[in-house]
**Student:** 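Attaching a single structure in structure tokens format; questions to follow.
One-based numbering, in listed order, for ligands and for the atoms of each.
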Amino acid sequence: FRNLIITKLRTGGDTGPKVEYDGITLHANKRNIKFPNQLFINNQFFNVHRKDDVDRAVLAAQAAFETGDWATMNARDRGKLLFKLADLMEQHKEELATLESLDSGAVYTLAIKTHVGMSIDTWKYFAGWCDKIQGSTIPINNARPNRNLTFTKREPIGVCGIITPWNYPLMMVSWKMAACLAAGNTVVLKPAQVSPLTALKLAELSVIAGFPPGVINILPGSGSVCGQAIADSPLIRKLGFTGSTPIGKLIMKSAAVSNLKRVSLELGGKSPLIIFKDADLDRAVRQAMSGVFFNKGENCIAAGRLFVERSIHDRFIIRVVREVKKMKIGNPLDRSTDHGPQNHRAHLEKLVEYAQIGIKEGAKLVYGGKQAPRPGLFFEPTIFCDVTDDMYIAKEESFGPIMIISVFDDIQGQADIERLIARANNTEFALASGVFTRDISKALLVSEKINAGTCFINCYNKTDVAAPFGGFKQSGFGKDLGQDALNEYLKTKTITVEY
Ligand code: TAP
């Protein structure tokens, strides 16, 4: 950031709660923006980073869960608070999107629509669930015949930890935190340390919305210290995590050893996208490009590997190259930019290395493949073809704007389709998938046999707040979004009466 000023700021309206913080003001995107840059515990911002920050945050969250306004608030009022926060986010939409764009490199047009827009939708969606959390009544045998009643109650779990990655900073926070709070829990959140600013702005807005102290606590520390302490905490009862598979495994181990806390893990992906020769080619090209290059490839459900039928393979590549050449790389705040900088330098360096590996192992580099020759962390949109199943780039996620194309021979019958699906399923990841064909039977067969948490037919990236999202195998387990996500943050109590 240039032109930034660190200053004492105060938030809150004339009548609402007020809090002071050491914040940053800057002028960007033709507007003044301000945001905190400190820890947020018990509705207070703190400068000092101490070893016991996580303990302090957990104790604040526990106190808020057990006593105080949040503990006694009825479900509909809880919903109103979530709606209020969503309204405030709406009012600060441009500020949030500018901040997200500066912090993560997302192009502003996407930041406003997806990073911020979908975050607001998520808060509204889960706000609506607050007063609709219901149990059931169950007829049972092992009690006085016909003079018994068994019913279940869906209760919040308690203090939850949430750990999020840097690719969609505000959206990842919102997906988990909105479901967690709608269920009535309290939270200790650790956003990714490279992109924590919108999470801290959300903390500021939550004070204005009127969330009681301790309900939301945000610690923008490192994964190895702060994240690990959350995973190890004996008082946290549930941990929601989105990030890489290796760290997911570490977290699951820590959760087991510390106190058997429940975990849900949204991890890496290498999602196959199958394009049959009978597909609408224009549409397939457009959607495959968005499947790969959306948010500069920093997208967990990115189409990690394309399988294209031989008789359209060359035509498909010619069209994709033609379209990629039109992509405007540049300042993410410029409204005409299609492709912004990668999130941080270490990630850019990993992408350069990834492309080098692809070249060395004999894949054909059709376009891009290196850092763009301009200042900033830009990686060229890249296309590889002739990628065979044994190659590193066929198996490993890049998490960047790199299209990996493999060919399959023209399909003669069902056995060929099944062989193709076996190739697509031959990965330990199983987050998303896609298929393009005009033959609905073929599409449904693929969607049935493909082992992935999501399958898009004749579209891609159509994620919605109402539809469950999450993977299988080493892409993790547990869902974000939809009613399933709410259930991740609830426990069921069974009550039996004889009368
Ligand atoms: P990670 O390195 O796994 O980091 C994710 C989060 O975990 C960060 O906040 C990180 O902290 C924290 N962390 C690191 N070590 C930890 C530890 N020992 N204990 C607790 N927390 C720890 O992933 P990333 O590089 O940020 O994100 C890229 C990966 O996330 C990709 O593989 C991508 O596929 C995956 N991803 C998946 C999804 C879904 S929905 N499945 C969505 C987005 C991303 P720091 O701030 O120190 O890094």
**Student:** Would you mind listing which atoms of ligand 1 come within a distance below 4.0 Å of any non-hydrogen atom of Ala192?
**Tutor:**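 Per the distance check, 9 (O), 46 (O).
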**Student:** Less than 4.0 Å is my threshold; does some heavy atom of Gly471 fall inside it relative to ligand 1?
**Tutor:**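 No, that is not the case, since the closest heavy atom of the residue is not under 4.0 Å from the ligand.
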**Student:** Please state whether the rings of Tyr168 and Phe294 are parallel, tilted or perpendicular, taking 30° and 60° as the class boundaries.
**Tutor:**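 Because their plane-to-plane angle lies in the 30° to 60° range, the rings of Tyr168 and Phe294 count as tilted.
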**Student:** At a 4.0 Å cut-off, with the gap strictly under it, does some heavy atom of Tyr168 reach an atom of ligand 1?
**Tutor:**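 No, that is not the case, since the closest heavy atom of the residue is not under 4.0 Å from the ligand.
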**Student:** Taking the side chain as every heavy atom from C-beta outward, state whether Ile357 and Lys360 have any pair of such atoms under 4.5 Å apart.
**Tutor:**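 No; the side chains remain at least 4.5 Å from each other.
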**Student:** Name the option, out of Cys300, Pro196, Ala229, Gly476, that contains the heavy atom nearest to atom 39 (C) of ligand 1.
**Tutor:**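 Ranked by closest heavy atom to atom 39 (C) of ligand 1, first place is Cys300.
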**Student:** Does Lys328 come within less than 4.0 Å of Asp334, counting only side-chain N to carboxylate O?
**Tutor:**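 Looking at Asp334 together with Lys328, the answer is yes, because their closest N to O distance falls below 4.0 Å.
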**Student:** Is the contact between Ile251 and ligand 1 made by the side chain, the backbone, both, or neither, using heavy atoms and a 4.0 Å cut-off?
**Tutor:**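 It is the side chain that gets close, since no backbone atom is under 4.0 Å.
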**Student:** Taking the inter-plane angle between the rings of Trp166 and His344 on a 0 to 90° scale, is it parallel (under 30°), tilted (30 to 60°) or perpendicular (over 60°)?
**Tutor:**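 Trp166 and His344: perpendicular rings.
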**Student:** Just which atoms of ligand 1 are under 4.0 Å from any heavy atom in Thr164?
**Tutor:**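 This gives 6 (C), 8 (C), 9 (O) as the contact atoms.
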**Student:** Judged by non-hydrogen atoms, does Ser222 sit under 4.0 Å from ligand 1?
**Tutor:**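 So Ser222 counts as touching ligand 1.
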**Student:** Look up atom 15 (N) of ligand 1 and tell me if a protein heavy atom lies less than 4.0 Å from it?
**Tutor:**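 Yes; the ligand atom in question has protein heavy-atom contact below 4.0 Å.
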**Student:** Could you see which bit of Leu431 sits under 4.0 Å from ligand 1, with heavy atoms only: side chain, backbone, both or neither?
**Tutor:**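 The side chain, only.
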**Student:** Determine the interplanar angle of the His347 and Phe399 rings, folded into 0 to 90°, and report it as parallel if under 30°, tilted if 30 to 60°, perpendicular if over 60°.
**Tutor:**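 Correct class here is perpendicular.
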**Student:** Please could you name the atoms of ligand 1 that Pro165 approaches to less than 4.0 Å, counting only its heavy atoms?
**Tutor:**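 Reading through ligand 1 atom by atom, the close ones are 26 (O), 27 (O), 43 (C), 44 (C).
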**Student:** List the closest protein heavy-atom neighbour of atom 28 (C) of ligand 1: residue, atom name, distance to the nearest 0.1 Å.
**Tutor:**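 I find the closest protein heavy atom is Phe399 CE2, 3.7 Å.
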